[in-house]
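Notes for the one structure printed next.
Along the sequence shown, the residues carry numbers beginning at 1. Only a predicted model underlies this, so the values are computations on that prediction, with no experimental measurement involved.
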Amino acid sequence: MIAVIQRVSEASVTIEGKVEGKIDAGFLVLLGITHEDTKEDIEWLGKKIIGMRIFGDEEGKMNLDLKSVNGNILLISQFTLHASTKKGNRPSFIDAARPEVAIPLYEQMIDFLNKELGNPIQTGIFGADMKVALLNDGPVTIVIDSKNRI
C-alpha cells in the first residue's frame with residue numbers, strides 16, 4: 001500500500017461537477033492498493049499518516065501532527081501509484097489491486113482514519129473520474145510504502 005501525503009492549506013475533489021469532498025488545512029492522501037495488501041498494512045500506514053509530524057510548531061520546525069493542528073484528511077484512491085514503467089512508455093498496472101480487493105481495503109482505511117483522527121475524513125469515490133484540486137503547503141509531500149517498513 002502506497003500513500004502520497006501532501007500537506008495542504010486546502011484541497012477538494014470534484015466528480016461530475018459536484019464537490020464530493022473538501023478540507024481546509026490537513027493532508028491530501030493519495031492511496032494506492034495492491035493485491036498483496038492486508039489489514040496490517042492499513043493499520044501500519046494509517047498510524048503513520050495520523051502521526052506524521054510535518055506541520056510547523058511555534059519555531060517553524062516540522063514538529064506537529066495532524067491532531068495538533070486540528071487538521072483533516074482528504075483520501076483519494078489512486079491505482080496509478082502502482083504503475084510499472086520498466087518496459088516501454090505505456091505503464092502497466094498489474095500490481096494494482098482489482099476493485100473486488102481494493103474497495104474493501106479502501107473502505108477499511110476510511111474507517112481506520114475516521115477512528116484514529118476522531119472525526120470523519122473526506123473522500124472521493126472509488127473508481128470515479130475525479131478532479132482533485134489542492135494548495136500544497138510548503139510544498140511538503142511524503143511518500144510511504146507499507147512494504148518498505150525497514
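With a 4.5 Å cut-off on side-chain heavy atoms, Leu113 and Met109 count as touching. No side-chain heavy atom of Ile50 sits less than 4.5 Å from a side-chain heavy atom of Phe112. Here the side chains of Ser77 and Ile33 are not in contact, with every heavy-atom distance at 4.5 Å or above. Using a 4.5 Å heavy-atom threshold, the side chains of Leu75 and Gln122 count as separate. Between Phe79 and Asp95 there is no side-chain heavy-atom pair separated by less than 4.5 Å. Inter-residue side-chain proximity for Ile5 and Thr141 is flagged as unmet; no heavy-atom pair is nearer than 4.5 Å. Ile76 is not listed as a side-chain neighbour of Val29, based on a closest heavy-atom distance of 4.5 Å or more. A 4.5 Å side-chain heavy-atom check between Ile49 and Ile73 finds at least one atom pair inside the cut-off.
In this structure, Thr34 OG1 and Lys147 NZ are separated by 5.0 Å, a value rounded to the nearest 0.5 Å. The CG atom of Asn72 sits 12.0 Å away from the NZ atom of Lys22 when rounded to the nearest 0.5 Å. Between the CG atom of Leu28 and the CG atom of Asp137 there is a distance of 12.5 Å, given to the nearest 0.5 Å. Atoms CG and CZ, from Leu81 and Phe93 in turn, are 10.0 Å apart once rounded to the nearest 0.5 Å. Going from atom CG of Asn70 over to atom CG of Leu66 covers 9.0 Å, rounded to the nearest 0.5 Å. If you take CD on Glu43 and OG on Ser146, they are separated by 12.0 Å, rounding to the nearest 0.5 Å.
Looking only at distances, a side-chain donor or acceptor of Lys67 sits under 3.5 Å from a matching main-chain atom of Glu116. In this structure, Asp65 contributes its side chain and Ser68 its backbone to a donor-acceptor pair below 3.5 Å. With hydrogens and angles ignored, the 3.5 Å screen pairs no side-chain donor or acceptor of Asp111 with any backbone N or O of Lys115. In this structure, His82 contributes its side chain and Gly32 its backbone to a donor-acceptor pair below 3.5 Å.
Taking a 6.0 Å sphere around NZ of Lys61, one finds it holds 12 or fewer heavy atoms contributed by other residues, nucleotides or ligands. The number of heavy atoms from other shown groups lying within 6.0 Å of CZ (Arg149) is above 12. Counting non-hydrogen atoms of other residues, nucleotides and ligands closer than 6.0 Å to CD of Glu16 gives a total of 12 or fewer.
Connection of Val4 to Ile144 is not established within any shared hydrophobic cluster, with ILVMFWY side chains joined at heavy-atom distances below 4.5 Å, either directly or through further cluster members. One hydrophobic cluster, built from ILVMFWY side chains closer than 4.5 Å, cannot hold both Val8 and Ile54; they sit in different ones. Met130 and Val19 are assigned to two separate hydrophobic clusters, defined by single-linkage of ILVMFWY side chains at heavy-atom distances under 4.5 Å. Leu135 and Leu74 fall into different hydrophobic clusters, where Ile, Leu, Val, Met, Phe, Trp and Tyr are joined by side-chain heavy atoms under 4.5 Å apart, directly or via other members. Residues Val101 and Ile110 share a hydrophobic cluster, clusters being chains of Ile/Leu/Val/Met/Phe/Trp/Tyr side chains in contact below 4.5 Å.
Between Val13 and Gly124, the closest heavy-atom pair is CG1-CA, 3.9 Å. Across all their heavy atoms, Ala102 and Phe126 have their closest contact at CB-CZ, 3.6 Å. Nearest heavy-atom pair across Glu20 and Thr123 is CG-O, 3.8 Å. Between Met1 and Leu45, the closest heavy-atom pair is CG-CD2, 3.6 Å. Among all heavy-atom pairs drawn from Glu59 and Asp57, the shortest one is N-OD1, 2.8 Å. Looking at every heavy atom in both residues, Asn114 comes nearest to Ile121 through OD1-N, 2.6 Å.
The ring of Phe55 has its center closer than 6.0 angstrom to the ring center of Phe27.
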For Met52 and Arg7, run side chain to side chain contact (heavy atoms under 4.5 Å, CB included): C-alpha distance rounded to whole Å, both residues' side-chain angles, the deciding distance at 0.1 Å, then the answer. CA-CA 10 Å; Met52 192 61 44; Arg7 185 179 75 185; over 6 Å; no
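Using a cut-off of 4.0 Å between Lys/Arg side-chain N and Asp/Glu carboxylate O, Lys39 and Asp37 are scored as not salt-bridged.
With sequence neighbours excluded, no residue forms a salt bridge (charged side-chain N to carboxylate O under 4.0 Å, His left out) with Arg90.
Side-chain N/O atoms of Thr80 and Gln78 include a donor and acceptor closer than 3.5 Å.
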